[in-house]
Number of protein chains: 2
Amino acid sequence: MSEQGKPEQGNELGKGQPVGSTSERRPPVMADVARVAGVSHQTVSRVLNDHLNVRAETRIRVLAAIDQLGYRRNFVARALVTRHSRRLGVVSFDTTLYGPASTVYSIEQAARAAGYFVSIVSLRTIDRAGVRDALDYLADQGVDGIVVVAPQRSAAQALDDLPAGMPVVAVEGGHAGDVSVVSVDQVAGARLATEHLLDLGHDTVWHVSGPSDWLEAEGRIAGWRDVLTAAGRPVPEPLDGDWSPRSGYVAGRRLAAMAGDVTAVFVANDQMALGVLRALTEEGIRVPEQMSVVGFDDIPESEFFSPPLTTVRQDFGAVGRCSIEVLLRQIEADGPLARERHVVPAEFVARASASRRPDGAVRN
Amino acid sequence: MSEQGKPEQGNELGKGQPVGSTSERRPPVMADVARVAGVSHQTVSRVLNDHLNVRAETRIRVLAAIDQLGYRRNFVARALVTRHSRRLGVVSFDTTLYGPASTVYSIEQAARAAGYFVSIVSLRTIDRAGVRDALDYLADQGVDGIVVVAPQRSAAQALDDLPAGMPVVAVEGGHAGDVSVVSVDQVAGARLATEHLLDLGHDTVWHVSGPSDWLEAEGRIAGWRDVLTAAGRPVPEPLDGDWSPRSGYVAGRRLAAMAGDVTAVFVANDQMALGVLRALTEEGIRVPEQMSVVGFDDIPESEFFSPPLTTVRQDFGAVGRCSIEVLLRQIEADGPLARERHVVPAEFVARASASRRPDGAVRN
DNA sequence: GAGGGCATTGTTAACGTTCACAGTCTTGCC
DNA sequence: GGCAAGACTGTGAACGTTAACAATGCCCTC
């Protein structure tokens, strides 16, 4: 603002930016390179795209000209004519949470390794319209394909009305209509947790669940219930949470009030498990001596909870990599492929927060 | 793969996708709309861009045609001619960490609210070349501006050689050469934490620091050291960590071994503080009765640590919003502006992990 | 040495939009 | 009724790349 009369983008810091023969200030284009190299712009294009049938000597001359002019290819123009932007879209919900953040991270890594860029839309609230809008925006922006991290039922439904012909992969998207899906085996993971607790001699296992709209929450409930039912144990009413530590704390207070009756809890994620642990500690209930707690996710903190949390690990990295593989296959096929379903196994992680049923507990 | 002879993108699910008069399968373009509305393509463009001087009746006819054909504007073609993509780039390091994840999230929200899309590059490792490459890639992709979440010294240095003429804002970027910077006041935050502990009667305060390359770690050390020095207290050698709970745990073991001498610790982030708490718990050292612990960040979990963690809150949302404001100002000015510096204040959050100096402690 | 094939290069036309300018049609005023 | 100003609309040319095809030169074979 205090400069000499608004330099009007003529910033001539000696940035070493080479200029062509003409005194243009606009960045050089293919035609400029062609002129310098003494070839046609098409030959420049061929060199850039690694076409065969370019004489080695010509290639060298072109590369030299590119170097001399500091030429950089204009991807926008390229995208216009090829109809491919080499960009992928990602729609996700609250990328602040550990799970989505990790998934998106590995998606980005995998995409970039394959030469694709990633545009992100993070949704604050989840509803069908919001997801649909995000998909439309991304389609308008010309992405070649979209990964939808759609862990809610309502988000998964929005996949029914996606832009025609757009390659899409749903992560944690449940049995969404036509689209391919990559997800962690929530049901099996929940089974592992519940079986572990039963194996330790507990009569039954209580459950603090995630929000009812979430498919993951649903899967974890299903696995937990399956095991209890199969073992002929009573199935207590789940206490609902919303993934937050606070909601776990609230549930923990209620569990504490039932201590003696309750000896084992499977909590649907580690953050809520932290809240449960806190509530139990406050009420003077020792974990695992009086009550066993198992979480889900294996966030980096879990190992250092008091006590270290027994939990179920999700391999978010594998989920991200797999989803990109599937998506790129669709994009490269350039036509509808049979829908794929991939399930990444969950892994049980035993630590110190679950142990044998306390002797004093009443067997009913 | 098992379909009838490769439908070749002719998926005729009755998607309600309206088609033009011709039997083209390609999406309609402006010229198609113009034909249907009986106007020129330029008039369609004017309607779309809210130009004045379009008769109301004409506008209605054009909008009707757009609706009928299901026309969607091609942003790539638009970007080619306008030289503006309405897309921003974000370069960040390990978006799995709470701080970067929150910052990137709020950047994305703010950008989208302003009508911009966001392309992300997450760096796995930080070095000058990596950051420079990321900047170049994004510039090639035609973003209108870039936010660099550059909390490391080496990343901040890479800002010295960024693409000429590209608007850039550094988040947590320290005193990076020419570019505008938005950051949280790390030094003041660390002061608050340290002063609080001194106010509680502790003779001095130990410190578990972040990795030395990080500017944030440096700022927190500076604030901590300032306060101790100003108060004439001994300044213990900081124990280094790497932000991870595990490194906090390791530091915590060492602190536990010195219990009695050490009565107060300021830990550079909440995750490491968790590790410290765990180590102290294992060694039977009660917090805060025997040792006070203060963290930094106020992650959602902190409130539910045992004991709930006294810490310093960073308003990542404000940082993200502010950085987008600054960046958009630069972009809209379309020329170099005076560099800006914005500092977001940190907020002290008192909980239960810090208390008065234990009586038994030796005053040296 | 003629002809076919291949390697190599050039020419022209898209891609779908916006910009610059040139028209045409109103409208109001004298 | 004529005229000018302004409202409205159309025409042609970019933007920078790739695709499609044509053209050239060379080598090898017969």
Side-chain angles (χ1 to χ4, degrees), chain A residues 20 22 24-63 65-66 69-87 139-144 334, chain B residues 20 22 24-63 65-66 69-87 139-144 334:
Chain A
T22 88
E24 301 263 298
R25 81 280 192 74
R26 276 237 285 273
V29 300
M30 241 178 213
D32 299 322
V33 175
R35 206 175 310 120
V36 170
V39 297
S40 74
H41 62 132
Q42 177 64 298
T43 298
V44 178
S45 171
R46 277 190 269 255
V47 169
L48 252 30
N49 292 315
D50 282 327
H51 270 239
L52 3 75
N53 300 345
V54 175
R55 217 186 334 164
E57 187 205 336
T58 311
R59 178 187 309 276
I60 290 171
R61 227 170 45 230
V62 169
L63 291 174
I66 287 175
L69 295 177
Y71 168 75
R72 320 216 62 175
R73 182 158 36 171
N74 182 324
F75 280 74
V76 174
R78 176 178 225 235
L80 178 60
V81 58
T82 61
R83 307 172 117 65
H84 288 294
S85 59
R86 296 200 74 82
R87 245 177 39 234
D140 281 355
Q141 277 280 318
V143 298
D144 293 343
D334 193 29
Chain B
T22 88
E24 300 262 299
R25 80 287 193 67
R26 277 238 283 274
V29 298
M30 243 179 209
D32 299 323
V33 175
R35 205 175 310 120
V36 170
V39 297
S40 76
H41 63 126
Q42 177 63 302
T43 298
V44 177
S45 171
R46 276 191 270 257
V47 169
L48 252 32
N49 292 315
D50 282 327
H51 269 239
L52 4 74
N53 300 346
V54 175
R55 212 179 346 156
E57 187 206 336
T58 311
R59 179 187 310 277
I60 290 171
R61 225 169 48 229
V62 169
L63 290 175
I66 287 175
L69 295 177
Y71 167 75
R72 321 217 61 175
R73 183 165 24 180
N74 183 326
F75 280 73
V76 174
R78 176 178 224 234
L80 178 59
V81 58
T82 62
R83 308 173 117 66
H84 288 295
S85 59
R86 294 199 75 82
R87 246 180 32 237
D140 281 355
Q141 278 280 317
V143 298
D144 293 342
D334 193 27

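Below, all heavy atoms of this structure are taken into account, side chains as well, without hydrogens, waters or symmetry copies. Note on naming: letters A, B, ... go to the chains in the order of the sequence lines (proteins, then strands), and numbering restarts at 1 for each one.
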Short side-chain to backbone donor-acceptor contact, [X] and [Y], under 3.5 Å:
| X | Y | result |
| --- | --- | --- |
| B/D144 | B/R86 | yes |
| A/S85 | A/G142 | yes |
| B/R61 | B/A37 | yes |

**Report entry** Heavy-atom pair with the smallest gap, counting every atom of A/Y71 and A/V29
**Finding:** CE1-C, 3.5 Å

Report, one line per pair, each donor and acceptor closer than 3.5 Å where one atom sits in a side chain of residues 46-54 of chain A; sequence neighbours left out.
| from | atom 1 | to | atom 2 | distance (Å) |
| --- | --- | --- | --- | --- |
| A/N49 | OD1 | A/R73 | NH1 | 2.7 |
| A/N49 | OD1 | A/R78 | NH2 | 2.7 |
| A/N49 | ND2 | A/S45 | O | 3.1 |
| A/N49 | ND2 | A/S45 | OG | 3.3 |

Report summary line: Given protein heavy atoms under 4.0 Å, the one-letter contact record of nucleotides 22-28 of chain C, with B base, S sugar-phosphate only and - none, is simply -------

Write down the distance between [atom1] ([X]) and [atom2] ([N]), rounded to a whole number of angstrom.
| X | N | atom1 | atom2 | result |
| --- | --- | --- | --- | --- |
| A/M30 | D/dG16 | CE | C1' | 8 Å |
| A/H84 | D/dT18 | NE2 | C1' | 12 Å |
| A/F75 | D/dT17 | CZ | P | 10 Å |
| B/R35 | C/dG16 | CZ | P | 12 Å |
| B/N74 | D/dC15 | CG | P | 18 Å |
| B/D50 | C/dT18 | CG | P | 12 Å |
| A/D32 | D/dG16 | CG | P | 9 Å |
| A/L48 | D/dG16 | CG | P | 15 Å |

Requested in this report: Measure the OG-CZ distance between B/S40 and B/R35 for me, rounded to the nearest 0.5 Å.
Outcome: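 Going from OG on B/S40 over to CZ on B/R35, the span is 13.0 Å.
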
Query - Point-to-point distance, once rounded to the nearest 0.5 Å, from OG1 of A/T43 to CZ of A/R59 - result: 11.0 Å

Nucleotides 7-12 of chain C: which of its N/O atoms have a protein N/O under 3.5 Å away?
| from | atom 1 | to | atom 2 | distance (Å) |
| --- | --- | --- | --- | --- |
| C/dT8 | OP2 | A/N53 | OD1 | 3.4 |
| C/dT9 | OP1 | A/R55 | NH2 | 3.3 |
| C/dT9 | OP1 | A/T58 | OG1 | 2.4 |
| C/dT9 | OP2 | A/R55 | N | 3.0 |
| C/dG10 | OP2 | A/S40 | N | 2.7 |
| C/dG10 | OP2 | A/S40 | OG | 3.2 |
| C/dG10 | OP2 | A/T43 | OG1 | 2.9 |
| C/dG10 | N7 | A/R46 | NH2 | 2.7 |
| C/dG10 | O6 | A/R46 | NH1 | 3.4 |
| C/dT12 | O4 | A/H41 | NE2 | 3.4 |

At under 4.0 Å, does any side-chain N or O of [X] touch on OP1 or OP2 of [N]?
| X | N | value |
| --- | --- | --- |
| B/R26 | C/dC15 | yes |
| B/S45 | C/dT18 | yes |
| B/R83 | D/dG16 | yes |

Query raised in the report: Mind checking what makes side-chain hydrogen bond (donor to acceptor under 3.5 Å, both in side chains) contact with A/N74, not counting sequence neighbours?
Result: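 side-chain hydrogen bond (donor to acceptor under 3.5 Å, both in side chains) check on A/N74 returns nothing, list empty.
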
Query raised in the report: Can you list the residues that meet the side chain to side chain contact (heavy atoms under 4.5 Å, CB included) rule with A/R83, with sequence neighbours excluded?
Result: B/R26

Report task. Check whether any side-chain heavy atom of A/F75 sits under 4.5 Å from a side-chain heavy atom of A/R87, and report yes or no. Result ->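 No. Closest side-chain heavy atoms not under 4.5 Å.
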
**Report entry** Any B/V76 side-chain heavy atom under 4.5 Å of B/L80 side chain
**Finding:**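 With C-beta onward as the side chain, the pair stays apart.
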
**Report entry** Listed nucleotide nearest any side-chain atom of A/V29, set C/dT18, D/dT18, D/dG16
**Finding:** D/dG16

Query raised in the report: What's the verdict on side-chain contact (heavy atoms from CB on, under 4.5 Å) for B/V62 and B/I66, showing C-alpha distance, side-chain angles and the deciding distance?
Result: CA-CA 6 Å; B/V62 169; B/I66 287 175; 4.0 Å; yes

Requested in this report: Compute the angle between the rotation axes at the two ends of the helix from C/dG1-D/dC30 to C/dC30-D/dG1, each taken over five pairs, rounded to 10 degrees.
Outcome: 50°

